[in-house]
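Step one of this worksheet: look at the structure below.
All values below were derived from every heavy atom in this structure, side-chain atoms included, with hydrogens, water molecules and symmetry-related copies excluded.
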Amino acid sequence: LEGYKSMTFYRGDAGNGAKDGGGSRDNDEGSSDATEGHDDEDEIYEGEYQGIPSNGKPGGGKVALGQPLSDAGRDRKELEQERQADEEELAQQYELIIQECGHGRFQWQLFLVLGLALMSDGVEVFVVGFVLPSAETDMCVPNSSSGWLGSIVYLGMMVGAFFWGGMSDKVGRRQCLLICMSTNGFFAFLSSFVQGYGVFLLCRVFAGFGIGGAVPIVFSMFAEVLSREKRGEHLSWLCMFWMIGEIYASAMAWAIIPHYGWSFSMGSAYQFHSWRVFVVVCALPCVCAVVALTFMPESPRFYLEVGKHDEAWMILKQIHDTNMRARGLPEKVFTVNRIKIPKQLDELVEMESESGNPVSKAFFRIKAEIYGVMLLNATVYYGLSVWFPDVIKHLQADDYASKVKSHSNERIEDITFNFTLENQIHTNSVFVNDRFIGMKLRSVTFVDSTFRSCYFDDVTSVGSIFRNCTIIGSQFFNTDIDDSKLIDGTEVINSTFVHNKTGCQMTFDDDYSAYWVYFINFLGTLAVLPGNIVSALLMDKIGRLSMLGGSMVLSGISCFFLWFGTSESMMIFMLCLYNGLSISAWNSLDVVTTESFPTSRRGTGFGFCNALCKLAAVMGNLIFGSLVGITKAIPILMASSVLVGGGLVALRLPDTRANVLM
């Protein structure tokens with residue numbers, strides 16, 4: 001690093017950047033502690049910031065002998081080659097600077113802050129699936145509109161990933177992450193209070209649009225303060241926060257949503273049920289991330305890429321001094337005083353030259369393969385994330401239906417029902433002068449039955465219907481029985497309905513299946529922990545490609561064995577096994593994607609990859625969701641073949657383990 005004392009700053013049009021004719025200037029803010037107190041006439045000490053040449057021209061603006069021509073008079077190919085050489089030199093020098101700064105307190109602080117942002121993304125993905133059944137029931141959404149919430153939120157995240165990823169390459173990592181996380185937190189919090197399903201959908205779309213930028217910006221920003229030998233391992237540890245977000249969402253859903261009593265209402269117009277409390281709780285990691293991010297600086301690598309060398313130097317010195325103080329070495333001087341700056345070319349020139357540059361052609365081929373592998377992996381992952389719970393619910397429904405109690409040709413007269421009737425079918429039954437008071441009908445079906453002079457008071461029916469029944473001279477007071485439950489020719493004769501319950505009734509009282517579904521998701525996300533630890537420890541040892549290909553092939557094989565899963569416990573075990581094996585592939589993809597794109601396009605490239613993942617999520621939901629309860633063969637064979645094929649394609653990607661960040 002001694003060479004830094006003789007390196008010169010380069011501006012966009014400065015060629016080799018001569019010093020000012022007036023000599024070096026002191027910069028009180030930029031100098032290290034060891035250089036403070038020296039006069040202008042003193043010699044330049046190691047670590048003292050030398051400032052920036054005013055415009056690369058010596059002695060009062062006169063052009064010196066050998067001064068390079070302006071960009072307007074030079075060939076486009078020559079400019080591109082010069083910038084390419086500048087970027088390669090900067091990449092090597094920046095790697096040495098980060099090594100001098102060390103890995104310590106600053107990186108761990110940034111690790112926790114960006115981890116909260118990544119955790120928010122994991123929460124957002126799963127909060128939709130957890131609140132979907134409750135929200136659609138609470139807002140009386142018909143089956144024809146059901147399912148829009150899951151798909152439309154993924155579409156919002158897809159647009160957000162591409163938009164915010166691209167903006168982070170132009171505006172900056174920190175600023176874009178602050179804006180997109182604030183957008184997510186605001187609309188996620190707002191969505192918990194709105195009552196209409198359309199407005200709720202709109203809020204979740206904007207929340208998804210905001211959180212869509214988290215993944216590409218978080219990985220780009222963290223990778224740019226890590227040295228080469230630390231990058232793979234610590235990016236993998238960062239991936240663990242996405243898993244923590246899944247566990248947090250699953251645990252909160254398990255603890256909050258089934259508690260129907262955790263609610264309040266303002267008349268019949270405003271209902272705030274437990275699932276809304278869950279939505280508020282899930283917005284807390286995002287709020288914490290926004291607050292913590294305000295105390296962190298911008299990526300110094302981004303500043304260097306856009307020519308803001310003063311700001312970059314100050315942040316690099318902050319990283320160095322923070323880490324050295326934590327090690328008990330506050331007196332150690334930051335020795336860097338000159339950093340290479342790549343030539344700033346017009347964006348149109350860069351776009352025009354991409355198609356003919358051999359380096360760009362190879363770069364595009366790599367991008368296409370990364371996109372393909374990520375699309376395949378995401379389609380299966382998100383598709384199976386829908387298919388697994390629905391298959392388990394289908395098995396539960398079959399088991400529940402097998403325990404149904406059937407009653408036929410019965411006559412019940414002058415009886416008071418003040419208890420719950422559940423999972424029953426009454427056929428050709430006659431109820432005369434009976435009273436149904438303060439009770440619940442849960443999954444009860446009345447077929448071809450007659451109700452004569454009966455009284456219904458404070459009755460809640462969930463999943464219950466009256467099919468081709470006759471109701472004569474009966475009274476309904478404060479019930480939720482309406483035309484939607486009186487179906488298939490049911491006749492109502494001389495009967496009255498007074499003060500019907502408004503809205504759709506939802507209850508989790510004594511409904512242990514709700515607890516079980518959330519607990520299964522909790523187990524599935526917890527099973528990711530071993531895979532996360534293994535991938536973090538081995539990422540830099542066995543390489544990204546071996547980890548990626550091996551993980552996809554093994555998870556594809558585990559999917560094939562789902563064919564033999566005939567019980568609920570077997571399906572849960574296979575869910576945990578698949579999650580544990582597939583997480584290493586995701587971690588490897590995140591690392592490879594981060595390292596494959598140059599700084600000027602890292603956010604855009606990663607954002608486009610993440611947008612493809614969300615598009616794949618919509619495709620997976622549609623494809624796999626439509627096959628639930630129909631056949632296991634198609635989704636199992638599709639998932640297995642896609643994962644194995646994607647793993648083999650992944651082995652064609654270049655190994656980025658030894659690369660410096662361009």
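Counting heavy atoms from C-beta outward, Met157 and Phe209 have side chains that stay 4.5 Å or more apart. Contact check for Ile98 versus Leu316: side-chain heavy atoms found under the 4.5 Å cut-off. Put simply, the side chain of Met181 reaches to within 4.5 Å of the side chain of Ser120, judged on heavy atoms. Annotation: side chain of Phe111 is not in contact with side chain of Val225 (no heavy-atom distance under 4.5 Å). Taking 4.5 Å as the limit, some side-chain heavy atom of Ile179 sits within range of a side-chain heavy atom of Trp164. Val159 places none of its side-chain heavy atoms less than 4.5 Å from the side chain of Leu155. Between Thr335 and Glu100 there is a side-chain heavy-atom pair separated by less than 4.5 Å.
When atom types are taken as modelled, the side chain of Ser250 and the backbone of Ile247 share no donor-acceptor pair closer than 3.5 angstrom. The closest donor-acceptor contact from the side chain of His320 to the backbone of Gln318 lies at 3.5 Å or more, if one exists at all. A distance-only check finds a donor-acceptor pair linking the side chain of Ser640 to the backbone of Phe560 [under 3.5 Å]. When atom types are taken as modelled, the side chain of Trp586 and the backbone of Cys239 share no donor-acceptor pair closer than 3.5 angstrom. Using a distance-only test at 3.5 Å, with no hydrogens or angles considered, no donor-acceptor pair links the side chain of Tyr303 to the main chain of Ile315. With Gln107 contributing its side chain and Gly104 its backbone, the two residues share a donor-acceptor pair below 3.5 Å. A donor-acceptor distance shorter than 3.5 angstrom exists from the side chain of Arg602 to the backbone of Phe597, with no hydrogens or angles considered. Between the side chain of Asn323 and the backbone N or O of Gly102, at least one donor-acceptor pair lies under 3.5 Å. With hydrogens and angles ignored, the 3.5 Å screen pairs a side-chain donor or acceptor of Ser551 with a backbone N or O of Ala585. Side chain of Ser558 to main chain of Ser555: a donor-acceptor pair is present (N/O by atom type, distance under 3.5 Å, no hydrogens or angles).
The line from CG of Leu177 to CD1 of Ile217 is 5.0 Å long, rounded to the nearest 0.5 Å. Taking CZ of Arg105 as the start and CG of Leu110 as the end, the distance is 14.5 Å to the nearest 0.5 Å. The distance from atom CE of Met243 to atom CG of Asn587, rounded to the nearest 0.5 Å, is 10.0 Å. Note that OG of Ser236 is 7.0 Å distant from CE of Met547, once rounded to the nearest 0.5 Å. To the nearest 0.5 angstrom, Leu235 atom CG is 5.5 Å from Thr594 atom OG1. Put simply, CD on Glu95 and CZ on Arg228 are 5.0 Å apart, with the number rounded to the nearest 0.5 Å.
Partner Asn184 forms a side-chain contact (heavy atoms from CB on, under 4.5 Å) with one of Val287, Val123, Asp121, Ile211 and no other, that one being Ile211.
Other residues, nucleotides and ligands contribute only 12 or fewer heavy atoms inside 6.0 Å of the CZ atom of Phe573.
Cys559 and Leu643 get closest at one heavy-atom pair: SG-CD1, 3.9 Å. When all heavy atoms of Pro285 and Met119 are compared, the closest pair comes out as CG-CE, 3.9 Å. Smallest separation of non-hydrogen atoms from Tyr248 and Cys282: CE2-CA, 4.1 Å. When all heavy atoms of Cys101 and Phe334 are compared, the pair lying nearest together is SG-CE1, 3.9 Å. Of all non-hydrogen atoms in Cys609 and Thr593, the two that sit nearest each other are SG-CG2, 3.9 Å. Nearest heavy atoms, Cys286 versus Gly185: SG-N, 3.5 Å.
No hydrogens or angles considered: nothing links the side chains of Gln99 and Ser227 as a donor-acceptor pair under 3.5 Å. With no hydrogens or angles considered, a side-chain donor-acceptor pair links Asp169 and Thr604 at under 3.5 Å.
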Practice item. Run the numbers on Arg231 and Met539 for side-chain contact (heavy atoms from CB on, under 4.5 Å), then give the verdict. Key: CA-CA 9 Å; Arg231 200 163 54 230; Met539 186 68 69; over 6 Å; no
**Study point:** Ile583 and Ser535: CA distance, side-chain angles, deciding distance, side-chain contact (heavy atoms from CB on, under 4.5 Å) verdict
**Key:** CA-CA 8 Å; Ile583 191 62; Ser535 65; 5.6 Å; no
Exercise for review: Report the C-alpha distance between Ser299 and Phe222 in whole Å, list the side-chain angles of each, state the deciding distance to 0.1 Å, and finish with yes or no for side-chain contact (heavy atoms from CB on, under 4.5 Å).
Suggested key: CA-CA 8 Å; Ser299 164; Phe222 194 51; over 6 Å; no
Review point. Would Val644 and Met552 satisfy side-chain contact (heavy atoms from CB on, under 4.5 Å), going step by step from the backbone distance to the final call?
Key: CA-CA 6 Å; Val644 173; Met552 292 186 71; over 6 Å; no
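Ring orientation note: the planes of Phe608 and Phe162 are nearly perpendicular, at an angle over 60° on the 30°/60° scale. Taking the six-membered ring where tryptophan is involved, the planes of His103 and His234 are tilted, since the angle between them lies from 30° to 60°.
Shown here are the side chain to side chain contact (heavy atoms under 4.5 Å, CB included) partners of Val113, two or more places apart in sequence or in another chain: Ala292, Leu293, Met296. Residues passing the side chain to side chain contact (heavy atoms under 4.5 Å, CB included) test with Glu233 are Trp237, Asp540, sequence neighbours excluded.
Aromatic pair Phe219/Phe606: centroids less than 6.0 angstrom apart.
Using a cut-off of 4.0 Å between Lys/Arg side-chain N and Asp/Glu carboxylate O, Arg173 and Glu298 are scored as not salt-bridged.
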